[in-house]
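Each chain gets a letter, A, B and so on, in the order the sequences are listed, and its residues count up from 1.
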Amino acid sequence: MTTALRTTTTTTAVALALAAGAAQAQETVTVGFAAGLTGYLAFYDGMVMQGAEMAVDEINAAGGVLDGRYTLALSVKDMRSETPAAVIAARDLVAEGVRALLVPCDVDPAIAAGQIGQQAGIPMIAACASTPTLPGLVGDYLFNLKTADNLQAAVLAEYARAQGYETAYILLSPDTPYTDLLPRYFAQAFESLGGRVAAIDTYAFDQQDFSVEATRIAALDPQPDVIMTAAYEPHFPAFIQQLRNAGVTAPVLGSDGIDSPTTLGIGPAADGVVFSMAGFPVEGGTLAAFYDAYEARYGEDLPFAFSATGYEAVKLLAAAIETAGSIEGAAIRDALDAVVDFPGVTGTTITYAGQNRVALRDVTLVEVRDGEQHFVLQARPAPETTPKP
Amino acid sequence: MLWAVLPAGFEGPLILMLVSMVAVVGIGIYSGNSGIVSFGHTALMALGAYASAMMTIAPDDKARLLPALPDAVIALHLPPVAAILGACAVVGVVALPVALLIGRLEGSSASIATLGLLLIVNGVLVGARDYTRGSQALFGLPIAVTVPVAAAFVVLAILAARAFRDSRMGLALRAARENAAAAAAVGADVVRARQAAFLLSAVIAALAGALYGHFIGVLTPRAFYFDLTFALLAILIVGGMTTIAGAALGAVLVSVLVEVLRRLADGGTFGPLTLPPVYGLTTIGLSLAILAVLYRRQGGLLPYVEPDEVLRPPARPAVPPPAPARIEAGSGELRAERLTRRFDGVIAVSEASLVLRPGEILGLIGPNGAGKSTLLSMIAGSVPPTSGRVRIDGADATGLPPHRIARRGVQRTFQNIRLFGNLSVLDNVRVAADGGPWSRAEATARAWALLDRFDLTALAARPAGTLAYGPQRRVEIARAVARAPRYLLLDEPAAGMNAAESDALLDLLEGLRRDDGIGLLVIDHDLRLILRLCDRVAVLGKGQVIAEGPPEAVSRDPLVIEAYLGRRHAGDGRGPARSAATSGAPGQKTTDQHERRRDP
Amino acid sequence: MDLLFQNLVNALSLGGIYALLALGLALVFSIMGLINFAHGELMTITAYGLILGAGLGLPFGAAVILGVALAGLAAMAMERIAFRPVRGASAATLLLTSFAVSAVLQVLFQNLIAARPLPVAVPRALAGTLDLGGLRVGVLPLATILGTGILLAALALVLRRTRVGIAMRAAAIDFQMTRLVGIRADAVIAAAFGLSGLLAGIAAVFWVAQRGSVDPMMGFLPVLKAFIAVIVGGLGSLSGAVVGAFLLAFIEVGLRALLPPELLPYREALALALIILVLLVRPQGLFGRRETVR
Amino acid sequence: MLEVTGLEVAYGAIRAVRGIDLRVGQGEIVALLGPNGAGKSSTLMAIMGVVPPRAGRIRLEGRDVSGLAPEALVRAGMALVPEGRRIFAPLTVTENLVVAAPPGRRRSELAADLEEMHALFPVLAERRTQQAGTLSGGEQQQLAIARCLMGRPRMVLLDEPSLGLAPQIVDQIFDLIAGLRDRGLTILLVEQNVDLSLEIADRGYVLVGGEMVLDGPAAALAASEGVERAFLGLSGA
């Protein structure tokens, strides 16, 4: 089956190459993606997949990698947002002979799929799971690409202090590393900059009613200067609505989990929310150009940074293959590990060298006003503010 | 070796299929035998998986991930297979109180309790994050489940399930699934059997959970919640919950379906066809398959009978049937003393007393609604008396549950035949014979002997529910006799029979009295049968014993005739005129009565 | 005092939503023995209806009517297509059928509408707070309490005063006898589904207004809660379902408000344990009818 | 009015009714008698469409109504007062009556019907707001009869109306039944109480073991020993 599949693809590729008048025969390097195309991850993984598709096509259109010896292909398996299915999908992909693997946006299936890739010695990129501990948990073949939680938290904390906020109220959920660790990193950074954490409250993932928490905040005296959370959908929209309903007016800081249409669509409640993200499409920037291309191809009128990091992931892999001069797993891994200032499409450079496979990159802050994102700042946090993963 | 030549991509699905087979075979031990759909076994799988994780994750990782664990647990580092078995033992201990509790429940309240178990275990696993990492993934379980390992455990699970199914408890539970009241009436301790079934199935479910954990390598509470529950139930329902073969077949079919759909859903080229990816095809396909089975065959593809039971006719054991000694007359008596029963303020039976001795046949007659069946049910323990006492051979048996009464030597049949419809005729009788003071093989031999005696041998393998009326009655009586009772209570054994059938029945009943020395209490409307059969007859009218004595005397008692037919017949001169309502010609009287009733 | 009052409001508004859902579940269950887990998808349909309405440029009120009507129609369609073939089957069969229906609908939502959450804009008027003599109350919780309260009262009126309401109650007591007095089985079942759909739709409006977004899986959790409420109240009892819903909401809000932080993670387990405690004392639920032993 | 031919009812392998014929003429009271388990209730349930018959035809006023659903039969003019009354216990007396009014009936007509029932059953008027489950057995039986009358049936089937009632109450109920005929209703009465049934009936049938063993005018049946023999199980002797 595997061989048959490869032969077909090769034949097509040869035909194409002949038609183009190219002299060499091409082989395919397949990048696998165990993606949650159904279930709760569908939104995130779907965008990563589309971004990755664009990068693959772009690279192939430019002649492939390693002097045109290889073309790229993307093989996607739906893991239905279920961890066991992620294992099976990853095993299938490994059996198919993929040379690199993208892992799902959520940490659990990312670890599960990561364990398979690690065993097989296949370089992997987490294009949208931002937990900085993830590479450490899985092993030396997994690289984080998205703005890591500690980076986001540090930039948010710097911004908060710059705004003159003295006290912060923090809402976290221990149910995922993202919603648990990011606010804790923020607390750490905020305090290291002289701020004070007024209270830490928790919510549960199967909770959709935030009236009690909102009531508790409304009853605080004095009111906190700022409220920070890494909650995302569906919790963030529910929380912010009920918070405002309870009469709390304090500014709210969020993280890149709320970079979604919902945040922009819920209306006045979200006005004034500032959150961190991987990049912002400033006029004339690379990200704006990418979004234009993305819209032209997929017709989405609101592309999000997940598509850009999916695109970046494939570009990074291609660059690593070029550097390594090989499609062998270990060689690609070593090349990735040595990346310095790779120009990302999100408008920042990416560095892995010396970062324990957690990408060092700029963080962008945006503010929601009238259903639109407005650029606030782009920055790389000071190393001393950045909490250790 | 099959798995060695499998394309690499198939190994994972194959293992998953085997693991789900262990799970559904395990669930089937409880659900299939008892007929109660369980939503809670996924929770037990979770416990098994987490327990095995505690024993296999490397101590360093455990110390890092779960620092709150006791040092002894952190230090544990067993090889996977040992840990899987250890996890089964741990879950067995944890599940014991659960089994004792849920085993007491039946029907939909039991189902709901299992749903509660699912919710609670999930809540605890999510909540106890210091010990489980909560909603976050617990990882680092060694991936150790290969095809042969999984297959070996499938065999183990099937053997355990089959052993339970064929055991006394398993048979009793299946009987209760078919008819709870009848199972109690033959003396089966259904609660105990259900508790045992739950415990065993919990252990097998834990096994499946642990295997699952060591296949995936990562655990989250969410992985053991509604999605998995639904998937496993789908397998059980499609294959047929009531058989082990059905569960196994379901696992194969559903796994193949999922695998095919999964590949289709990813799109790609299949021969000449190129398909676009269709996301969610697996879920839709699985759901439609379930609906199709539910609409067409509610029992699933292989209901009730294991394939080998169809292929191999039931065999007679080599041992001779035990023959209980004839019961001596005068060796005791069954007494009902001033039994009274009220239902919502209505008095069904009022201070009724009866005595039944071994070797005699007592008839109990009376019009509809007189309270005959209620009186019988009070003696048999299925209706607790409001007041009064029941004594069996001198010992007080008032208020005992039916299966305890049955164990003291009192058996009954039901007005509306209550057989174990989907069990074979042989098994119907065997359930009752199982309770006697003899070995399993002897019990089976006794069941065969009774089939011979009641002319049912040719029907031994037939599901009892498919029999005609007469044979069904005979099965019910054979079943009641199987446990060698001292007293037998028969509620309208001849109802709905034609003359030839009731003549044959008469001979049978006389034989029970003559050859076995059993004391019989017979309720029937067929007075001819009562008069021919009984030594004494008691008449119940409006809940009270209004006459008792030899059949001929009773049949002429005007009180009796009035109770049956009304006053006028009682007065038409065929017996001593004890009734007050007699005078004038019948036609005349009708008018009188009308007048009287219209103008009180 | 303020906090207590606030949380009372919170519990009442949450309980009101649970009650509307539980009532719909109980209505259908009492008539045809089906615990409809696809009830949650009716909520999702309403939420999508709100978005559709906004997309069509309808005012919010009209969008609400559209969404709720869609849920009612979907409920009746669900009964006609999926549940009629298994009418009269065992409780487990019916339950599984509804699971399957729910799964199919979720996938359809994902494929035909959107896999990701979609925002639902709620009018600004609902987002404010009111000052009631020094006590601050959100407009939305207040509207939820008033709305569910009025609706429950109206429903009680419908069930007591109108003939279709009385027929539904009769059908819940003895379905066969209801047919024997001339009520059409199909009609009363369709009416029960339609009504349960409307209730789910209205509950969804309040739920989504609090939540701000809709996604294909949205309905599962509230319906699970409503299911628990129905069990506590007593399967088959309509008033029991309402009482069970408020009891559950009070337990949930109470635990979240009162538990010390170190016990907060166990709140769901604790809430369930309390529920089980109720069921241990009254296995048939608060208002359940004990099966008579004959 | 009602004509049943070759009716067979079976539950699984058990044949409860074995091919019986039965005819009820316009304005008649016909008693269907027989001992317990004779198949009387099964016959009624099959006529009313609750239990699907295995064979046989049912005609109402000349029209073939076999296989119709219970609700359709009710609208065709037939009504059943079931064994055990089966009133809606948690509902009030009035609600029990209202639920049985045909869907098309207008409010004013409905009120008139209720008035009529109150006149016919004064005790129900007194208890109109009471929960039906709190009524005594006799009152419940009256309610059950009143409920079936709400549909303005032309043909009424009564299943064991005397069951579980005290003798004076039974007398009352039978008076009521006789009164129904005077209102122009046709009645098929299933009873154990042979005497009273034959007193008010015009004709009777005796069913034993699912087979019709006797029929004839009520007076003749009352005088014959056949009924007694059938009941006492002496038919074959």
Side-chain angles (χ1 to χ4, degrees), chain A residues 36-47 80-81 173-175 199-216 218-219 232-249 260-270 302 304 306 371, chain C residues 2-3 5-7 9-11 13-14 17 51 54 106-107 110-111 114-124 126-131 136-142 207-218 220-222 224-225 249 252-257 261 264-265 267-268:
Chain A
L37 298 174
T38 46
Y40 70 100
L41 282 175
F43 169 58
Y44 307 96
D45 279 0
M47 269 195 206
R80 311 195 293 278
S81 305
S173 169
D175 288 348
I200 294 184
D201 208 346
T202 61
Y203 68 96
F205 247 50
D206 53 3
Q207 169 182 342
Q208 305 200 21
D209 165 54
F210 285 84
S211 55
V212 176
E213 290 74 12
T215 301
R216 197 147 41 211
Y232 53 95
E233 287 162 1
H235 308 106
F236 183 78
F239 171 65
I240 190 85
Q241 295 237 21
Q242 292 176 41
L243 186 72
R244 297 308 184 213
N245 283 347
V248 178
T249 53
S260 89
T262 316
T263 313
L264 303 177
I266 48 176
L302 276 174
F304 290 82
F306 304 100
Chain C
D2 191 17
L3 206 59
F5 175 76
Q6 294 288 352
N7 279 323
V9 169
N10 294 337
S13 90
L14 186 63
I17 295 177
I51 294 175
Q106 285 182 6
V107 174
Q110 278 181 356
N111 278 291
R116 64 173 183 225
L118 297 178
V120 181
V122 180
R124 198 175 277 269
L126 283 176
T129 54
L130 288 179
D131 203 322
R136 265 190 333 211
V137 188
V139 174
L140 186 57
L142 210 60
W207 188 256
V208 168
Q210 287 202 353
R211 197 172 182 267
S213 71
V214 45
D215 61 76
M217 323 285 189
M218 184 192 84
F220 175 73
L221 192 74
L224 186 64
K225 296 290 166 79
E252 281 190 351
V253 169
L255 285 177
R256 260 158 56 202
L264 268 181
R267 59 199 161 201
E268 295 291 322

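Of the listed residues (C:Met217, C:Gln210, C:Gln106), the greatest number of heavy-atom pairs within a distance under 4.5 Å of chain A belongs to C:Gln210. Considering only heavy-atom pairs separated by less than 4.5 Å from chain C, the leading option among A:Ala246, A:Gly267, A:Gly46, A:Ala219 is A:Ala246. Your options are C:Gly138, C:Pro141, C:Gly212, and the one with the most heavy-atom pairs under 4.5 Å with chain A is C:Gly212. Chain C forms the most heavy-atom pairs under 4.5 Å with one residue out of A:Ala269, A:Gly247, A:Pro234, and that residue is A:Pro234.
For the side chain to side chain contact (heavy atoms under 4.5 Å, CB included) test, residues two or more places apart in sequence or in another chain that qualify with C:Pro123 are C:Phe60, C:Leu126. Not counting sequence neighbours, the partners of A:Phe210 by the ring-ring contact (aromatic ring centres under 6.0 Å, His included) test are A:Tyr203, A:Phe239.
With a 4.5 angstrom heavy-atom cutoff, A:Thr215 touches chain C via backbone and side-chain atoms both. A:Ala204 touches chain C through backbone and side chain together, each having a heavy atom under 4.5 Å away. For A:Ala218, the parts sitting under 4.5 Å from any heavy atom of chain C are the backbone and the side chain alike. Heavy-atom distances place the backbone of C:Ala209, and not its side chain, under 4.5 Å from chain A. The contact between C:Leu118 and chain A is made entirely by backbone atoms, counting heavy-atom distances below 4.5 Å. Both the backbone and the side chain of C:Pro117 have a heavy atom closer than 4.5 Å to some heavy atom of chain A.
Atoms CG and CD, on C:Leu140 and A:Gln242 in that order, are 7.5 Å from each other to the nearest 0.5 Å. Expressed to the nearest 0.5 Å, how far CZ of A:Arg216 lies from CZ of C:Arg256 amounts to 8.5 Å. The line from OG of A:Ser211 to CD of C:Gln6 is 9.5 Å long, rounded to the nearest 0.5 Å. Rounding to the nearest 0.5 angstrom, the gap separating the CG atom in A:Asn245 from the CG atom in C:Leu142 is 11.0 Å. Distance check, rounded to the nearest 0.5 Å: CD of C:Glu252 to CD of A:Gln207 gives 9.0 Å.
Using a cut-off of 4.0 Å between Lys/Arg side-chain N and Asp/Glu carboxylate O, C:Arg211 and A:Asp209 are scored as not salt-bridged.
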